[in-house]
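Accompanying notes for the structure given below.
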Amino acid sequence: MATLSTPTLSLPPASPTVNNDRYFANHPTLLVINECISTKCLKQVHAQMLRSGLFFDPFSASKLITACALSQFSSIDYARQIPQIPQPNLYTWNILIRAHASSRDPSQSFILFLRMLHECEHFPDKFTFPFLIKAASELQALRVGRVFHGMAIKASLGSDIFVLNSLVHFYGSCGDLDLAYGVFVKILQKDVVSWNSMITAFVQGGCPEEALALFRTMEKEDVKPNDVTMVGVLSACSKKLDLGFGRWVCGYIERNDISVNLTLSNAMLDMYMKCGSIEDAKSLFDKMPERDIFSWTTMLDGYAKLGEYEEARHIFYKMPRQDIAAWNALISAYEQNGKPKEALAIFRELQLRKDAKPDEVTLVCALSASAQLGDMDLGRWIHMYMKKQGIKLNCHLTTSLIDMYAKCGDLEKALEVFHSAERNDVFVWSAMIAGLGMHGCGGAALDLFWKMLEAKVKPNAVTFTNVLCACSHTGLVDEGRAIFDQMEPVHGVVPGDKHYACLVDILGRSGLVGEAVELIKRMPILPTASVWGALLGACRLHGNLEFAEHACSRLLELEPRNHGAYVLLSNIYAKTGSWDRVSGIRKLMRDSGLKKEPGCSSIAVNGIVHEFLAGDNSHPLSREIYSKLDEIAATLKSIGYVPNKSHLLQLVEEEDIQEHALSLHSEKLAIAFGLISMVPSQPIRVVKNLRVCGDCHTVAKLISRVYNREIFLRDCYRFHHFRGGHCSCMDYW
DNA sequence: GTAGGGTTAG
């Protein structure tokens with residue numbers, strides 16, 4: 001380690017200027033700067049420089065500040081406290097702008113730039129702009145960056161390759177691929193960095209196909225790719241889940257003698273893992289001469305996402321340090337694999353640790369897990385935690401908060417978050433549209449969609465799925481059809497299978513089964529299981545046997561073990577009185593060992609999530625719950641309620657068909673538990689994994705009136721908000 | 001004496 005035992009400096013008699021650089025550059029104190037490994041060390045150097053007067057030389061002072069700003073141990077806060085360098089020249093300004101551009105607060109670069117314009121007569125040069133544009137990229141500050149772009153052109157730097165490449169990267173990181181590509185195609189003499197910047201922009205902008213196409217063009221134009229190119233290309237393979245091409249790329253790297261550094265090895269690891277080849281990843285990992293935190297996290301994430309939790313945890317404990325990315329990899333894997341309880345258990349474990357602190361990604365995952373469970377208390381707690389910690393809402397967090405509040409049943413709060421957000425991107429708008437849709441506010445969802453277009457936010461495939469879903473939940477047939485027809489010609493979004501499924505659902509549900517069938521026939525892509533499923537659902541609703549059999553056999557070709565398809569078909573036969581066929585299907589299901597996914601409802605009371613299966617009596621308060629159910633049955637009977645047994649057939653197994661089957665449905669148990677364990681002012685919030693059955697729907701409506709309780713019931717498809725004997729779905733579901 | 005592009009977690 002460097003020490004400060006250097007002799008006190010004696011300054012030359014004249015005031016130091018940059019002309020003496022060589023003198024200072026060779027000076028021991030300045031050499032010591034690069035050896036510093038802590039803020040304390042830099043502070044000592046600073047003190048020494050003040051004592052010696054060396055700090056008053058602009059070059060030396062900027063060396064110190066650069067070291068502070070760029071150092072691993074991040075003492076940019078200290079750098080900012082350092083008083084202004086006397087008489088900085090253009091070089092010094094550039095260095096300072098650069099230092100801040102890659103710091104935690106890149107906006108300081110802009111402030112320095114403004115000061116530079118005021119305080120020195122120099123105009124920014126070809127070095128200044130790449131640094132400024134870099135800061136704008138870090139902040140995704142599209143408007144500021146565009147101003148720099150304009151200024152660079154005015155300064156006759158509009159064709160400088162460094163400025164142009166920075167701009168390609170900048171527009172790409174702002175997510176505006178059109179602008180990035182616009183700059184890229186105008187670069188007359190593209191170098192490898194130009195190509196790399198554009199390939200990376202495509203990959204990160206979610207267009208791996210375009211990235212790979214560009215790589216091929218690059219090859220055709222005889223530009224030799226380097227390691228950075230290959231990182232981008234491998235990343236595109238990961239996104240496409242194309243193991244075959246990924247393996248080809250690894251061979252290409254070898255054949256073309258592209259130097260394989262740690263970053264490139266990590267990109268290979270990531271490709272193997274994302275494409276599902278644990279063996280290739282493991283053998284590469286074992287062979288790697290050097291590994292960093294990325295290598296470990298990539299392996300950890302790969303195992304966890306593929307459901308190999310034991311191996312993932314093994315790596316987690318084995319890796320040199322568990323940073324927040326490692327925790328996030330575990331939490332997100334559980335959350336994305338539909339294991340929200342496990343995700344939250346790790347989140348709680350993390351909170352007890354001092355060596356890692358939840359960040360935005362952690363909170364996004366934790367919010368999403370709360371949303372899956374419908375655990376509003378936890379969701380609210382996380383929201384409070386964010387406020388207390390002073391964590392600013394970014395678009396990811398805003399989206400997750402809206403999603404959480406909507407899925408936990410508090411649409412008002414979701415709207416509040418939406419309206420108070422500083423900046424809303426396409427995901428935030430889409431989440432709010434989805435929220436309104438699932439609560440049966442189709443009209444409001446459409447209004448929001450029009451507002452989004454007015455705000456010049458470009459809708460994507462997810463937006464359209466959500467808009468069409470909203471139409472389906474509210475029966476907005478004409479609107480849904482019109483929006484679907486505009487998707488490609490007006491908005492440039494090619495309808496995918498989900499959009500077709502939504503439109504089939506909209507048409508079929510409203511009774512236009514024939515039109516839905518015509519739509520499927522006209523589809524330019526092969527109809528998927530969700531498309532046939534939507535048609536089958538419509539046939540069930542309208543007892544349309546003609547198309548039901550066809551839809552069912554197509555669906556079962558694609559998903560031979562789709563239990564719901566058999567049940568739906570048997571329901572249709574039951575509805576039309578074809579009991580022979582019903583028992584035929586039941587037999588087929590028994591013989592093939594197909595089991596229905598058990599119905600499960602959960603309710604969070606005082607921070608504890610209680611789960612109920614159909615006919616469950618494992619709850620400690622089971623006796624009380626069942627006696628409450630008896631009381632409910634008697635009360636409802638006294639006001640003329642008759643159980644609707646046709647719903648028995650909906651998704652109930654044969655053996656469930658008995659007198660009490662209806663009162664044993666999991667959602668009824670959860671609601672009864674809510675009634676006995678929560679104060680009357682608290683709404684009852686229940687989450688069910690399947691669709692709510694018709695009888696339970698009727699019962700919930702009556703309970704909301706007779707017991708004067710608000711009930712929020714979320715099924716796997718949408719929300720039912722029961723109040724005063726009515727449901728928000730207006731019985732259209 | 002300063003430049004531009006890259007890998008993990010949403």
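Chain letters run A, B, ... following the sequence lines, proteins first, then strands; residues in each count from 1.
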Does the plane of the ring in [X] sit parallel, tilted or perpendicular to the ring in [Y]? Use 30° and 60° as the thresholds.
X       : Y       : answer
Y181(A) : F202(A) : tilted
Y309(A) : Y334(A) : parallel
F215(A) : Y252(A) : perpendicular

If I take atom [atom1] in residue [X] and atom [atom2] in nucleotide [N], what distance separates them, rounded to the nearest angstrom?
X       : N       : atom1 : atom2 : result
F113(A) : dT2(B)  : CZ    : C1'   : 16 Å
E360(A) : dA9(B)  : CD    : P     : 16 Å
F184(A) : dG5(B)  : CZ    : P     : 16 Å
N328(A) : dT7(B)  : CG    : P     : 18 Å
F162(A) : dG5(B)  : CZ    : C1'   : 11 Å
I324(A) : dG10(B) : CD1   : C1'   : 13 Å

Nucleotide pairing, DNA chain B (Watson-Crick or G-U, distances under 3.5 Å), in dot-bracket with [ ] and |: ..........
Check if the side chain of [X] and the base of [N] share a donor-acceptor pair of N or O atoms closer than 3.5 Å.
X       : N      : value
N261(A) : dG6(B) : yes
N226(A) : dG5(B) : yes
N196(A) : dG6(B) : no

Start with the C-alpha gap between F418(A) and Y405(A), add the side-chain angles, then the distance that decides, and say whether ring-ring contact (aromatic ring centres under 6.0 Å, His included) holds. CA-CA 11 Å; F418(A) 177 79; Y405(A) 279 120; over 10 Å; no
Between [options], which nucleotide has the shortest distance from any of its atoms to the side chain of [X]?
X       : options                 : result
K305(A) : dA9(B), dT7(B), dT2(B)  : dA9(B)
K274(A) : dT8(B), dG5(B), dG10(B) : dT8(B)
D270(A) : dG6(B), dT2(B), dT7(B)  : dT7(B)
D125(A) : dT2(B), dT7(B), dT8(B)  : dT2(B)
T297(A) : dT8(B), dG6(B), dT2(B)  : dT8(B)
Q204(A) : dT8(B), dT7(B), dT2(B)  : dT7(B)

Check residues 300-308 of chain A and write down every donor-acceptor pair under 3.5 Å in which the side-chain atom is one partner and the other belongs to a residue at least two apart or another chain.
unit_1: D301(A); atom_1: OD1; unit_2: K305(A); atom_2: NZ; d: 2.6
unit_1: K305(A); atom_1: NZ; unit_2: S332(A); atom_2: OG; d: 3.2

Nearest 0.5 angstrom please: N266(A) CG to M273(A) CE, how far? 12.5 Å
Would you compute the distance between atom CZ of F316(A) and atom CH2 of W296(A) and round it to the nearest 0.5 angstrom? 13.0 Å
I253(A) vs V260(A) side-chain heavy atoms within contact, under 4.5 Å: yes
Can you find a side chain N or O atom of S332(A) that sits less than 4.0 Å from OP1 or OP2 on dG10(B)? yes
Phosphate oxygens OP1/OP2 of dA9(B): is one of them under 4.0 Å from a side-chain N or O of H396(A)? no
If you look at every strand shown and take non-hydrogen atoms under 4.0 Å, does K190(A) touch a base, only sugar-phosphate, or nothing? nothing
Ring-base stacking, F294(A) with dT8(B) (5.5 Å, 30° cut-offs): no
